[in-house]
Protein chains: 2
Amino acid sequence: MFSKACEYGIRATVQIALQSEKGLRIGLKEISNAIDSPEPFTAKILQQLAKNDIIISSKGPTGGYEMSSNQLSTIMLSDIVKTLDCDLIYTGCGLGLATCDAKNPCVLHFQFDDIREQLKKMLENTSIQQLARSRESGDTLLRL
Amino acid sequence: MFSKACEYGIRATVQIALQSEKGLRIGLKEISNAIDSPEPFTAKILQQLAKNDIIISSKGPTGGYEMSSNQLSTIMLSDIVKTLDCDLIYTGCGLGLATCDAKNPCVLHFQFDDIREQLKKMLENTSIQQLARSRESGDTLLRL
DNA sequence: TAAATAAAGGACAAAATTATCTTTTATTTT
DNA sequence: AAAATAAAAGATAATTTTGTCCTTTATTTA
Ligand code: FES
Ligand code: FES
């Protein structure tokens, strides 16, 4: 469904959010450890997320990654997916045709579009903070 | 969403169904032409579909691919996706964790599972024949 | 200001997916 | 039976995605 980059990106961002809610920064090593991801690959992903103002990075000692309270309250899953997966899910044809267009639909268009709309809604309505908090409260061992 | 192999597989199968409804076989070259796919890659995919009894292949002159009337009436999109994409959509964790398990869910599990169930239903309720016929009637330029 | 720390950036490598090419096997027609 | 046809099978190649390594840049602390 999502690329590896996107999967790691979501998991990493939730981890960052989790620390930011406590007012703490978290470094690359800790993130990779926490979410069990390859460290240098994760670094690349975090760079992209920082460039797109989804997280904030700081260099030097005490440096690391964090999210502003504004980011915490506004960043949605869809922002991460769009950044890392080039919103292909949003615009591409389910059968791989060059364009997806309701005026010139493929045989699967209407079925596919229905699912895509629901996925879209889910991604746009799920905030990182929400995921972090569900982890935090952790009634049911919500993993990362 | 789907792999290229799966996209070509669906498009090719619909094309075969379209001919089979007219009682005709169709060869690899014609299929690749019709759906605009790389010929040898398409051949590999058709081999897999034939092995899994989704289509029937015959060698020699007048050979080619076809679907039995039984296949035409029973094969669903889900059969093709399972064959070519190893039902990852069906069983894998949306965040890429090793397992997806409601008893030990990831932070996205319940949101993701909801979408997945709907996708599953769509794939299991959409037959190849249905797609072929919508193409055939073609009120709205339904592409392949 | 120097040393230490941590991310950024760029080059490189491995793996997986997609795509191609060649030879073999099965079937039909002559 | 021989020739022609078309898919199967297997080897090979290109591309994309994933993953690693090394050097540079920015920041903090001593
Ligand atoms: S045209 Fe294929 S999904 Fe829209
Ligand atoms: S555990 Fe992640 S989607 Fe089910």
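Residue numbers begin at 1 in each chain, while the letters A, B, ... track the order of the sequences. Please read these numbers as outputs of a predicted model, since none were measured by experiment.
Atom-to-atom, CD of Gln48(A) to C1' of dG10(C) comes out at 14 Å; the value is rounded to the nearest Å. Atom P of nucleotide dA6(D) and atom CG of Leu24(B) are separated by 15 Å, given to the nearest angstrom. Rounded to an integer number of Å, the gap from CD of Glu7(B) to C1' of dA19(C) is 15 Å. Rounded to whole Å, the distance from CG on Leu84(A) to P on dT17(D) is 13 Å. Protein atom CG of Asp85(B) is 13 Å distant from nucleotide atom C1' of dT18(C), rounded to whole Å.
With salt bridges taken as basic N to acidic carboxylate O contacts below 4.0 Å, none links Arg133(B) and Glu136(B). A salt bridge links Arg116(A) to Asp113(A): one of the charged nitrogens lies within less than 4.0 Å of a carboxylate oxygen.
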Glu30(B) and Gln15(B): CA distance, side-chain angles, deciding distance, side chain to side chain donor-acceptor pair (under 3.5 Å) verdict: CA-CA 9 Å; Glu30(B) 295 170 86; Gln15(B) 188 63 30; over 6 Å; no
Can you check side chain to side chain donor-acceptor pair (under 3.5 Å) on Arg25(A) and Ser58(A), steps first, answer last? CA-CA 9 Å; Arg25(A) 272 189 195 148; Ser58(A) 340; 3.2 Å; yes
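A pairwise comparison of heavy atoms in Ala12(B) and Ile35(B) identifies N-CD1, 3.7 Å as the closest pair. Here the closest heavy-atom approach between residue Arg135(A) and residue Leu18(A) is recorded as CG-CD2, 3.8 Å.
With rounding to the nearest 0.5 Å, the separation of CD1 in Ile10(B) from CD1 in Ile80(B) is 6.0 Å.
For the segment residues 55-72 of chain B, residues with any heavy atom less than 4.0 angstrom from an atom of DNA chain D are, sorted by number, Ser57(B), Ser58(B), Lys59(B), Gly60(B), Pro61(B), Gly64(B), Tyr65(B). Within residues 25-46 of chain B, the residues approaching DNA chain D are Gly27(B), Leu28(B), Lys44(B), by heavy-atom distance under 4.0 Å.
One finds a side-chain N or O of Gln47(B) lying less than 4.0 angstrom from the OP1 or OP2 phosphate oxygen of dA9(D). Proximity of Tyr8(A) to the phosphate of dG19(D): a side-chain N or O atom is located under 4.0 Å from OP1 or OP2.
Map Cys6(A) and Lys51(B) each onto its nearest nucleotide of DNA chain D; the residue landing nearer the 5' end is Lys51(B).
A 6.0 Å sphere centred on CG of Asp101(A) holds more than 12 heavy atoms belonging to other residues, nucleotides or ligands.
Checked against side-chain contact (heavy atoms from CB on, under 4.5 Å), Gln48(B) has the following partners two or more places apart in sequence or in another chain: Leu84(B).
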